[in-house]
Amino acid sequence: MIKKPWAGRFKKGTHKVAESFSASIDFDKRLYKEDIEGSIAHAEMLAETGIIDKKEADKIVKGLGSIRKEIESGKFPFKEELEDIHLNIEKRLIEKIGDVGGKIHTARSRNDQVALDMRLYLRGEINEIVTLLKSLSECLTYQAEENIDAMIPLYTHLQRGQPILLSHHLLALYEMLKRDRERYLDCLDRVNVMPLGAGAGAGTTFPIDREHVAKTLDFPKITQNSIDTVSDRDFIVEFVSVSANLMNHMSRISEELVLWSTKEFDFADLGDEFTTGSSIMPQKRNPDMAELIRGKTGRVYGNLMTILTVMKGLPFSYNRDMQEDKEPMFDTVDTVKASLEVLLEMMGNIEFKHGNMKKALNDGFITATDVADYLARKGVPFRQSHEITGKIVSYAEEKGRELLNLHISEYQMFSKEFGDDLFEYITLEGSIESRKSYGGTARENVLAMIAKAKKESEGW
Ligand code: ARG
């Protein structure tokens, strides 16, 4: 049996059942790089402050380097009896360089060590997610530019409402993702704080230099209160929450891809690479990737509920419950990154069917709002112009005609304010072009927004 680091006070070893119940090594081995990086910075600080010898620190640093190689070449003997990644590495260090390896844990506890590992890890992952968000945002502006001539209905209640540019719609997705990016960066501010030095929760008796460790590990700030430092998992709650929001956005985008690729809509072709066939119905082409992004959103919402529930009602400071923070965090990282990667590729390869989009605009009185606006511009109160237009729509419907095919004299039966220029405003192009209000769908607005978005995301 392996001797536990706390064995001094114990007469019996841990029960087998308890051992495997409490071990986290299966999943927290993912933190090996951060654990080693943190330990190296800690050892260097211990030497710098004279708490341990320079030579001892050198040995420790070398030992840790060779352990990293062992792990990366798959030769590291991970042991469940050693609970977690911290004890596995520490024990191996002692095996490799002798008792001096035990000095690495001077002025440190696993309570502040695990907080450091998680913060280092999350910092790296947030940066990767932000990079993926940049690529996806660039892909959207690229598609907006490529498809600038495509018109599509704006839907409300999933009913055709008004004509818009497809590019305007794509830029709506861009704005959504831009907020996600901002939220990740804001969350990063609170992740990127150096916790080591809190010890078990009360601080340490050794003359450590926390700023030194922060500098080595490139943290702009250190935590302020040792109790809070080992009790805090807000940064994980926040990360998963920001991710839940992003997944919600990706799910809504996916839902539209699913709709748009149906025969009923037929606005987009997702391509062979991102669809699957049916094992029974040969004609089918299923948008599985989009469906899976939509489906995986549920996992991340679940992870948010998990971490919130784990933390709820915990007394200060560290409690072992907090070991349950890791799996929801890892799963969130994996789900978000995989979904972003797939969505990015899918968005880059999508083929928009301009002709079908336009067809969807050609019936259903889609420019009725423009008729009402026309009258309102002539001084008719909007509530009246809305009612008059409603009557015109109903008249056209009865006659089986479109708004554009009615004669001006027919319009004039409903209001004397109608003039020949009406028809400039109620074509699809006329309708779109007249929506020049800031943030509206007029082509010149959209082109300006594309340029703005391109410039913006260049700096990300
Ligand atoms: N594996 C533990 C965790 O993830 C490390 C901290 C253990 N600390 C303790 N006092 N048992 O939370």
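Both backbone and side-chain heavy atoms feed into the values below; hydrogens, waters and symmetry mates do not. Since the structure is predicted, the reported quantities are computational estimates derived from the model, not experimental observations. Remember, it's 1-based here, ligands and their atoms both numbered in the order they're listed.
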### Query
Between Q113 and ligand 1, which residue portion shows a heavy-atom distance shorter than 4.0 Å: side chain, backbone, both, or neither?
neither

### Task
For V114, counting its heavy atoms only, list the atoms of ligand 1 lying under 4.0 Å from any of them.
4 (O)

### Task
Taking the side chain as every heavy atom from C-beta outward, state whether I152 and K358 have any pair of such atoms under 4.5 Å apart.
no

### Query
Of the protein's non-hydrogen atoms, which lies at the shortest distance from atom 12 (O) of ligand 1, and what is that distance?
Y318 OH, 2.3 Å

### Query
Do P153 and I164 come close enough that some side-chain heavy atom pair is under 4.5 Å?
no

### Task
Give the residue, atom name and distance (to 0.1 Å) of the protein heavy atom nearest atom 5 (C) of ligand 1.
D84 OD2, 3.4 Å

### Message
Under 4.0 Å from a heavy atom of K326: which atoms of ligand 1 are those, numbered in the order shown and with their elements?
### Response
3 (C), 4 (O), 12 (O)

### Task
Determine, step by step, whether Y174 and L136 satisfy the side-chain contact (heavy atoms from CB on, under 4.5 Å) criterion, reporting the C-alpha distance in whole Å, the side-chain angles of both residues, the deciding distance to 0.1 Å, and the verdict.
CA-CA 8 Å; Y174 169 87; L136 183 54; over 6 Å; no

### Summary
shortest atom 11 (N) of ligand 1-to-protein heavy-atom contact is with R110 NH2, 3.6 Å

### Message
N192 vs R119, test: side-chain contact (heavy atoms from CB on, under 4.5 Å). Steps then yes/no.
### Response
CA-CA 7 Å; N192 205 8; R119 286 172 182 274; over 6 Å; no

### Task
Would you please say whether a donor-acceptor pair under 3.5 Å links the side chains of Q113 and H42?
no

### Message
Which of the numbered atoms in ligand 1 are under 4.0 angstrom from any heavy atom belonging to S24?
### Response
1 (N)

## Note on the structure
of all protein heavy atoms, closest to atom 8 (N) of ligand 1 is N111 OD1, 3.0 Å

### Query
Heavy-atom distance under 4.5 Å between the side chains of F239 and T332, does that happen here?
yes

### Task
With heavy atoms of Q323 as the reference, note each atom of ligand 1 found under 4.0 Å away.
1 (N), 2 (C), 3 (C), 4 (O), 12 (O)

#### Entry: S317 and S231: CA distance, side-chain angles, deciding distance, side chain to side chain donor-acceptor pair (under 3.5 Å) verdict
CA-CA 5 Å; S317 60; S231 312; 4.5 Å; no

